[in-house]
Amino acid sequence: MDFTNIINGFGVVLEPMNLLYCLIGVLIGMLIGVLPGLGPVATISILLPITYSIEPVAAIIMLAGIFYGAQYGGTITSVLLKLPGEASSVVTVFDGHALARKGKAGTALGIAAIGSFFGGTISIIGLTLVAPLVASVALSFGPPEYAMLALLGILLVSTIGNGGGLKSVIAAGVGLLLATVGRDTFTGGERFTFGSLALADGIDFVPIAMGLFGLGEIFYNLDARRNKLDTPATIANIWPSRAELKESSGAFGRGSVIGFFLGILPGGGATLASLVAYAAEKRVSRTPERFGRGALQGVAGPETANNAAATSSFIPLLTLGIPANATMAIIFGALLLQGIVPGPTLIVDHPDLFWGVVNSMYIGNILLLILSIPLVGVFVKILRIRPAILAPITVLITLLGVYTVRNSIFDMVLVIVFGLVGYLMKKFGFEPGPLVLAFVLGSLMETAVRQSLRIFGGDVSGFVMRPISGTIIGVVVLLVVLIPIAKVMLRKRAEKKFGVHLKPGESVLGVALAKEAAVDDTAPVVTTADGEKR
């Protein structure tokens with residue numbers, strides 16, 4: 001490994017402007033993590049036009065800071081209000097809010113902050129060691145390998161990403177169709193343009209991302225959240241004691257490992273990592289009955305895992321050019337806007353960007369730990385801002401932002417159309433993530449497949465004959481067969497165990513954990529002889 005580039009990367013991130021953008025990214029991430037509904041995907045989508053005018057290294061450093069900063073921000077509302085600001089913080093509600101009801105909200109937030117720092121740092125070390133190895137292997141990939149890798153990515157995101165089953169597959173199919181609109185790259189012929197000059201160059205990624213994730217989220221949240229938020233719980237004693245840190249240390253370690261590996265997996269991501277980490281903590285605990293009633297490990301494990309996963313999900317993007325989740329797809333688009341194509345050559349062609357972004361995460365995690373505790377009071381006050389005030393401002397910024405990219409009124413119309421589509425998708429249980437990922441990977445896959453067929457002289461068996469692409473095809477076939485069977489078995493087992501009928505698209509693991517961790521919120525809080533509130 002060439003340590004010179006790694007050291008130079010610290011020089012890049014320690015430049016004043018890059019440090020400033022790292023700080024801005026972490027702060028924005030924590031802020032939008034606090035605000036329920038406006039997650040990192042929507043925020044990064046809305047900020048895409050702004051990154052266009054910033055230096056590439058600073059832009060990606062800021063976007064990365066938003067992503068991992070949001071993982072902790074979502075914890076604050078999960079603990080104080082029983083309202084997860086981020087999907088990856090849903091499982092933190094179980095024990096985080098139970099601790100708050102015992103008067104230990106500060107301890108829960110402190111453990112979450114330390115776990116986020118620990119998981120993020122371990123994952124960055126893994127990223128530093130693993131990414132160059134993956135990139136060096138990927139340099140031997142040709143069009144057939146990339147075609148099959150893109151297919152595998154779309155398949156995994158559609159099937160295990162959010163557990164949406166058929167709806168995710170439909171969304172991915174629509175994304176693939178949208179990717180075909182415009183001039184054919186090889187023949188120059190127009191496809192699905194309906195004679196429109198505006199569609200001749202295809203649909204730009206920016207209005208799709210800003211519409212589906214930006215406006216779509218705003219419309220959905222205005223419709224779904226009409227109720228006023230409860231008063232946050234009292235916060236005191238934020239720094240955990242030595243005994244509490246010792247009690248959580250095992251969860252920090254396990255959460256780091258689980259989050260790192262699930263973050264690399266396409267469709268895995270922070271949400272799945274937090275769910276699996278919670279289940280693992282409950283399984284290894286000597287007192288599983290405490291889970292759902294204020295177990296520190298129930299906060300430490302998931303919060304460590306979601307930050308670790310957020311960091312490791314950069315590995316497939318930066319080394320293979322394959323986004324592992326919706327947020328990575330938006331950052332993929334941000335790199336393309338800057339004229340940089342992520343992939344195995346990124347580490348060689350743009351070492352300042354690669355190592356600058358990777359090393360910025362070390363600095364960002366330290367900033368996250370330093371800022372998370374003193375700013376809790378500020379974030380609680382921000383929670384009192386009504387969505388009716390924030391939403392019009394955000395819509396205006398979105399429309400102006402998309403216009404500034406290409407000075408196109410057509411793009412403004414597109415962002416409104418995709419905003420309505422995003423709202424309807426969320427309302428009827430379709431996740432926009434598979435659509436955007438399939439749109440991004442669809443173009444890559446089509447080009448790679450057609451290049452491969454030219455290499456093979458039109459013989460599709462060439463994909464099977466090459467060792468790597470043939471192996472990936474074998475994995476795809478196994479997943480197509482095994483994933484539906486495994487889902488049916490898990491669903492039946494969960495329904496039998498908990499006596500419920502799961503709705504289509506509901507996460508089996510999430511529902512199972514929610515049922516096991518269900519607590520009676522109306523139960524009075526009592527104080528035991530040793531002073532602990534139960």
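Heads up: numbering here begins at 1 and tracks the sequence. Atom set for the values below is all heavy atoms of this structure, side chains included, hydrogens, waters and symmetry mates excluded.
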So which heavy atom on Phe463 is nearest to which on Met148, and how close? CD2-CE, 3.8 Å

When rounded to the nearest 0.5 angstrom, what distance separates CD1 in Ile54 from CG in Asn18? 10.5 Å

Separation between CD1 of Ile28 and CD1 of Ile44, rounded to the nearest 0.5 Å: 10.0 Å

Any side-chain heavy atom of Leu129 within less than 4.5 Å of one from Leu133? no

Going by the rule ring pair (Phe, Tyr, Trp, His ring centres under 6.0 Å), which residues pair with Phe10 if we only count those two or more places apart in sequence or in a different chain? Tyr362

Which one of Leu178, Ile330, Leu336 satisfies the side chain to side chain contact (heavy atoms under 4.5 Å, CB included) criterion with Phe205? Ile330

If only atom types and distance count, is the side chain of Thr304 paired as donor or acceptor with the main-chain N or O of Gly119 below 3.5 Å? no

Give every residue pair that meets the salt bridge (Lys or Arg N to Asp or Glu O under 4.0 Å) criterion with at least one member in residues 316-328, sequence neighbours excluded. none

Checking Phe192 now: which residues fulfil ring pair (Phe, Tyr, Trp, His ring centres under 6.0 Å) with it, not counting sequence neighbours? none

For the residue pair Leu212 and Val421, establish whether any side-chain heavy-atom pair is separated by less than 4.5 Å. yes

To the nearest 0.5 Å, what is the distance between CZ (Arg183) and OG1 (Thr193)? 8.5 Å

Main-chain N/O of Phe260 paired with Ser312 side-chain donor or acceptor, under 3.5 Å: yes

From OG (Ser360) to CG (Leu353), nearest 0.5 Å: 9.5 Å

Can you list every side-chain hydrogen bond (donor to acceptor under 3.5 Å, both in side chains) pair that touches residues 132-150, not counting sequence neighbours? Glu145-Arg466

State which residues pass salt bridge (Lys or Arg N to Asp or Glu O under 4.0 Å) with Glu446; sequence neighbours excluded, sorted by chain then number. Arg191, Arg450

Return the orientation label for the Phe291 and Tyr278 ring planes: parallel under 30°, perpendicular over 60°, tilted otherwise. perpendicular

Once rounded to the nearest 0.5 Å, what's the spacing between atom CD1 of Ile208 and atom CG of Leu414? 7.5 Å

If every non-hydrogen atom of Phe117 is compared with every non-hydrogen atom of Thr121, which pair is closest and at what distance? O-OG1, 2.7 Å

What distance separates Trp355 CH2 from Thr128 OG1, expressed to the nearest 0.5 Å? 5.5 Å

Check: Asn307 main-chain N/O paired with Thr311 side-chain donor or acceptor under 3.5 Å: yes

Under the criterion side-chain contact (heavy atoms from CB on, under 4.5 Å), I'd like the reasoning laid out for Leu215 against Met210: C-alpha separation, chi angles, the key distance, then a yes or no. CA-CA 7 Å; Leu215 290 190; Met210 295 181 73; over 6 Å; no

Name each donor-acceptor pair under 3.5 Å that joins a side chain in residues 56-66 to protein atoms two or more places apart or in another chain, with its distance.
none

Between the side chain of Asp411 and the main-chain N/O of Pro207, is any donor-acceptor distance below 3.5 Å? no

